Amino acid sequence: MTVEEALAQKGTYEAGHFDVLIVGAGHAGCEAAVAAARSGMHTALFTLHLDSLANLPCNPSIGGTAKGQLVREIDALGGIMGELADACAIQTRMLNRSKGAAVFSPRAQIDRNRYSRKMKSMLERIDGLEIRQGEIVKLLVDHESGTTCVSGAVTRSGAVYTASSVVICSGTYMQSRIIMGEVIIDSGPDNLFPSIGLSGSLADLGVPIQRFKTGTPVRLNARKVDFSKMEIQPGEEDMPPFSFVHEMSELRPIRTQMPCWTIWTTEKTRQIIHENLGRSPLFSGTIEGTGPRYCPSIEDKFVKFKDKERHQVFVEPMGEDTCELYLQGMSTSMPEDVQVQMVRSLPGLENAVIQRSAYAIEYDCIDPTALFPSLETKMVAGLFCAGQINGSSGYEEAAAQGLIAGINAVRFIRGESPFIPDRSEAYIGVLIDDLVTKGTQEPYRMMTSRAEYRLFLRQDNADARLTPHGYRLGLISEARYLLFMSKQEAIETEIKRLRQTVLPPSDTLNNFLTSCSSTQVTSGVSLSDLLKRPEIKYKDLSVVDINRPKLNDAVTFTVEVDIKYEGYLKLEKQKIDKFKALEARSLPLNLPYEEIKGLRIEAQQKLVKFRPISLGQASRISGVSPADIAVLLVYLDAKKRSCS
Amino acid sequence: MTDDRPFCAPATPPGVGGISVIRMSGRHATTVADRIFCVLRASDSAIDSVSEMPGYTMAFGRIIDPSDGRIIDEVVLSVFRMPHSYTGEDMVEISCHGGTAVRHEVMRVLCENGARPADPGEFTKAAFLSGKMDLTQAEAVMDIISAESAEALRVSEIHLLGALKNEIRSLSEKLYEVFAQLEMLVEFEEEDESVIRKQAEVRLLDHLNRLTALEKSYAKGKLLTERMTVVLAGVPNSGKSSLLNRLSGYDRAIVTPVAGTTRDTLEVLTSIRGVAVRLIDTAGLRNTDDEIESLGISRTYEAAKEADLVIWLVSSEDCAIAYGESSWIESHFSQFKMVADMIGDQRLAILISKSDLVDEQEAEHMLDSIVSAVRFLGLGKKIRFSGVVSAYTQEGVESIADAIKAIYDETGMSGQSELLLMNNRHFEQIRKAMDKINQSIISLQDQTPTEVACALIRLAMDDLGEMTGDSVSDTLVDTIFSRFCIGK
């Protein structure tokens with residue numbers, strides 16, 4: 001439908017023009033809106049409910065393994081999630097401290113109401129951004145010389161907006177229904193309205209739709225909980241903040257550090273679940289959507305891991321001004337009466353009072369292979385999708401996509417080439433490439449194993465990897481960029497100093513080495529060579545490193561990892577160079593794959609369908625073999641030769 | 001646009017042979033063939049042009065130069081239709097009479113009438129590009145081309161069938177299992193971390209051993225493509241050249257009764273019992289002032305050093321003279337010892353040559369005394385075998401051939417369908433992978449975090465993947481195809 005056709009319909013009216021129109025104000029939508037508005041675009045952000053902006057309808061936490069890295073990357077590019085999470089954290093921890101530096105992952109419990117309120121107050125103060133409560137039900141397009149281009153959108157109340165670009169961040173709201181046992185309700189999360197009609201409008205435009213499922217556990221009142229039966233999990237005072245702004249400043253947000261607790265399911269829990277399996281919609285067939293394997297409901301866990309007698313449950317606070325607790329690990333779609341029994345079978349929760357029930361939620365999302373790596377749909381120019389609509393799960397995954405979609409909507413309007421971080425630069429690159437190149441059969445969650453170059457993609461160097469991009473894109477201020485540069489310089493200087501400082505063999509040195517259970521030395525040794533020994537830490541080395549300068553923790557962390565991993569990073573770098581060479585070979589979108597001699601039929605079909613932007617992306621499409629890539633290489637060479 | 005002329009090249013090696021085969025591949029291969037070929041008899045009497053011939057059929061006819069109507073040769077022409085051909089394109093194969101002149105003429109008329117000479121490796125490249133073979137298969141084809149003996153061909157065939165690929169893939173799968181388990185450690189909380197790390201270490205060592213075996217086989221594989229070296233040595237006029245001629249099957253070396261005729265080393269490439277052998281005839285060893293001859297003698301030592309087998313010949317005439325006087329071993333001691341010291345154990349054969357000049361008993365007696373003298377010198381362990389031989393009557397030649405084959409078999413490169421690395425690129429990739437697996441084992445032994453082992457194993461799997469073509473880097477294809485010789 002075109003704008004003219006929409007206006008010709010009864011009950012509609014012309015409501016104005018925006019450069020960028022964003023549908024949905026969750027974590028993706030908010031990032032997209034801020035990126036677009038800060039780039040000078042006249043931007044509108046539509047939400048079904050203004051008091052639920054950037055809601056955390058499931059776990060009240062941000063970060064965690066791989067997700068913490070994503071938040072650091074969003075921050076490094078100039079996104080907002082990191083700063084806001086720092087400001088709303090009620091408990092912080094660095095996960096995986098016992099593991100390697102590449103998987104160190106910051107995580108914070110978040111005061112969810114405060115997060116939402118802060119987001120609202122922040123968005124309201126951004127120039128050029130209008131936030132609006134309203135449901136977008138239809139997308140409008142123009143057909144110009146063979147291409148379909150987005151031109152606007154219509155709200156349920158009949159307002160017809162024109163727009164140069166539209167970003168859809170519908171989360172889990174499209175045609176959503178929540179399920180508790182036999183009860184099925186058409187609803188979004190937290191009893192918010194579902195979005196009705198938008199997914200049909202997308203399907204009409206040729207965007208393929210799939211149906212996914214996810215779920216959330218019950219919420220309890222803390223006043224009826226016996227914490228003495230639980231193991232306490234305190235936060236860490238010294239966790240580095242998510243945001244670079246806070247990391248490099250003396251003025252960090254003050255943390256209250258509320259505790260979490262852990263418990264285990266009991267034999268009674270197991271019994272209750274087994275007795276009531278027949279009433280679970282998961283097993284009765286009521287739920288059609290595909291759920292995530294990594295985050296199964298508790299009944300799923302008991303069925304799939306039969307040999308495990310018990311499962312761990314985390315009891316987490318929802319905020320400072322509420323008694324509400326979240327039961328992580330107890331996601332379920334069982335009927336309400338079974339939920340009560342299940343919860344009360346847990347230690348310390350014998351008298352628990354449930355404030356909100358657990359539920360499964362089914363929703364429409366798109367097949368993300370319908371997207372270019374810019375997150376623009378292949379069917380409609382100027383139409384972008386970001387977040388759970390693309391088959392991902394998680395606030396951080398959503399925010400990352402929202403930021404990229406916002407950036408690229410702006411670049412689309414300006415006629416600039418899209419910004420696409422690659423797999424060697426960022427988890428964001430891995431996330432988007434996986435989604436658009438491989439598609440997903442279940443809600444996609446970021447994991448560190450998905451990254452080929454994990455030793456490079458660390459939370460501590462997210463700024464080094466991405467802040468120059470953020471600066472170039474206009475999302476990083478001049479002042480912050482200067483601060484960034486000085487941090488990088490400090491890292492380089494310290495690495496150089498450690499390499500150049502050679503300690504002569506001495507009793508002091510050898511005593512120190514013995515105390516670290518390290519081999520003694522008989523000749524001079526540089527500080528960097530000592531640091532390369534796995535048993536020696538930068539901090540400990542201060543005993544023999546007398547002239548050590550006073551440096552920021554963020555600086556010394558990166559210095560230590562870069563030196564310790566130097567050899568391995570070099571090996572990974574060689575691989576990255578090869579990878580980049582294929583990424584750099586761009587493929588024209590209109591390449592006549594059907595006519596290229598030597599391509600196998602399957603490869604031709606896949607390439608026509610996917611329209612990859614580079615040889616690198618083509619090589620990752622399933623069904624395209626190395627031989628096909630070789631053919632493309634030869635074809636491109638031949639074409640280049642005939643042009644020159 | 002790309003050049004869509006069909007490309008052609010001789011597929012048989014240069015030199016005189018019964019027939020030569022010239023191949024042509026490309027969309028217009030049959031059209032070009034029709035311009036120069038006149039069908040005399042085909043599978044179906046209705047067929048009178050190449051374009052009408054179905055795939056997998058042959059026709060007898062004449063190659064005619066259209067510029068003057070001259071008949072160049074009477075040939076058999078075979079047609080292969082896409083995609084059922086080596087390259088996956090339409091192909092024509094012309095089997096013409098052997099000889100450089102005919103071959104040259106056929107190539108000329110083809111190229112004057114719409115074909116072009118093939119680039120090195122273009123046939124195989126086309127086959128690879130049309131998805132007909134993967135990288136290891138393509139490289140094995142190259143090895144087949146250069147394999148000059150039946151044995152090397154057999155190993156190449158194993159490669160071609162993907163045995164190497166299968167071995168590498170199986171290894172990659174095993175590595176992946178370890179990798180996946182370690183990834184679990186990195187990604188999730190596991191209670192028994194040290195146990196899993198230890199397990200991984202042990203399994204990685206196993207896989208490393210399998211790779212080491214493949215790596216070691218490179219030396220053997222190299223021998224297969226590069227031939228086994230047999231050096232003939234002895235004092236002047238001990239009959240080395242005559243034996244060389246016998247073993248290689250045709251007169252190559254100049255044989256004269258004048259001692260010192262062979263002043264330089266002389267090589268013959270031949271096949272003995274299916275084994276590719278480089279036979280080296282050397283200058284006779286003696287004290288000499290002749291500059292050229294001394295040079296030849298030092299080359300003899302060089303050759304002996306590299307040899308898989310040194311055959312030391314003692315002429316029965318020399319032995320007869322030596323009787324009663326000082327023993328042979330004394331008179332030729334210095335020359336013999338120089339050579340014997342250079343070669344490995346079990347790498348020496350001592351033969352009494354010209355056995356036809358003495359009777360059997362006497363020859364045996366001569367041999368015994370020489371062998372015991374060599375043993376006395378403490379060089380007994382160098383002896384692989386001994387015997388008598390006559391280049392004239394061919395007595396003993398068969399047993400030399402048997403011995404060569406036995407040594408070859410013993411080196412472990414024959415008989416079983418053993419996997420051998422014959423290709424330098426494969427060797428390099430295996431080396432790289434081994435280095436990373438080795439590092440990953442070390443990292444698991446000390447306190448280095450598990451993520452490092454994961455990174456290293458992932459890189460090692462990539463190295464192996466590049467071997468089988470499961471991953472392709474931008475330059476890989478070019479590197480490989482530039483090494484193909486023309487015609488394939």
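Throughout, protein chains are lettered first and strands after them, A, B, ... in sequence-line order, and every chain is numbered starting at 1. Bear in mind that the values here come from a model prediction, so they are computed numbers and not experimental data.
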Check your understanding: Within residues 174-182 of chain B, which positions have a heavy-atom distance to chain A below 4.5 Å?
Key ->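 So no residue qualifies.
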Can you measure from [atom1] ([X]) to [atom2] ([Y]) and round to the nearest 0.5 angstrom?
| X | Y | atom1 | atom2 | value |
| --- | --- | --- | --- | --- |
| B:Arg458 | A:Leu571 | CZ | CG | 14.5 Å |
| B:Asp446 | A:Glu535 | CG | CD | 7.5 Å |
| A:Tyr568 | B:Cys454 | OH | SG | 12.5 Å |

Point to revise | Counterpart residues, side chain to side chain contact (heavy atoms under 4.5 Å, CB included), relative to A:Glu231 (two or more places apart) | key: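 Here the qualifying residues are A:Thr262.
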Review point. With sequence neighbours excluded, what pairs up with B:Ser51 under the side chain to side chain contact (heavy atoms under 4.5 Å, CB included) test?
Key: B:Thr30, B:Asp34, B:Ser49
Practice item. Go through the steps for B:Lys432 and A:Gln574 under the test side chain to side chain contact (heavy atoms under 4.5 Å, CB included), then give the verdict. Key: CA-CA 12 Å; B:Lys432 281 196 216 161; A:Gln574 288 170 5; over 6 Å; no
Point to revise | Where A:Gly100 and B:Pro449 come nearest, the two heavy atoms and their spacing | key: CA-CB, 3.3 Å
Exercise for review: Pick whichever of A:Ser105, A:Ala66, A:Ala101 has the most heavy-atom pairs under 4.5 Å with chain B.
Suggested key: A:Ala101
Review point. B:Leu456, B:Val186, B:Thr450: which one forms the most heavy-atom pairs within less than 4.5 Å of chain A?
Key: B:Val186
With a 4.5 angstrom heavy-atom cut-off, could you sort out which part of [X] is near chain B: side chain, backbone, both or neither?
| X | answer |
| --- | --- |
| A:Tyr565 | side chain |
| A:Ala451 | backbone |
| A:Thr65 | side chain |

Point to revise | Derivation and outcome, side chain to side chain contact (heavy atoms under 4.5 Å, CB included), residues A:Glu452 and B:Asp462 | key: CA-CA 11 Å; A:Glu452 293 87 343; B:Asp462 281 347; over 6 Å; no
Check your understanding: Has the side chain of A:Lys564 got a donor or acceptor atom that lies under 3.5 Å from a matching backbone atom of B:Thr448?
Key ->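 No: the side chain of A:Lys564 does not pair with the backbone of B:Thr448.
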Review point. Any ion pair linking B:Glu451 and A:Arg458 (charged N to carboxylate O, less than 4.0 Å)?
Key: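 Answer for the salt bridge query: no.
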Review point. Under the salt bridge (charged side-chain N to carboxylate O under 4.0 Å, His left out) test, which residues partner A:Glu316, sequence neighbours left out?
Key: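 Applying salt bridge (charged side-chain N to carboxylate O under 4.0 Å, His left out) to A:Glu316 gives A:Arg107.
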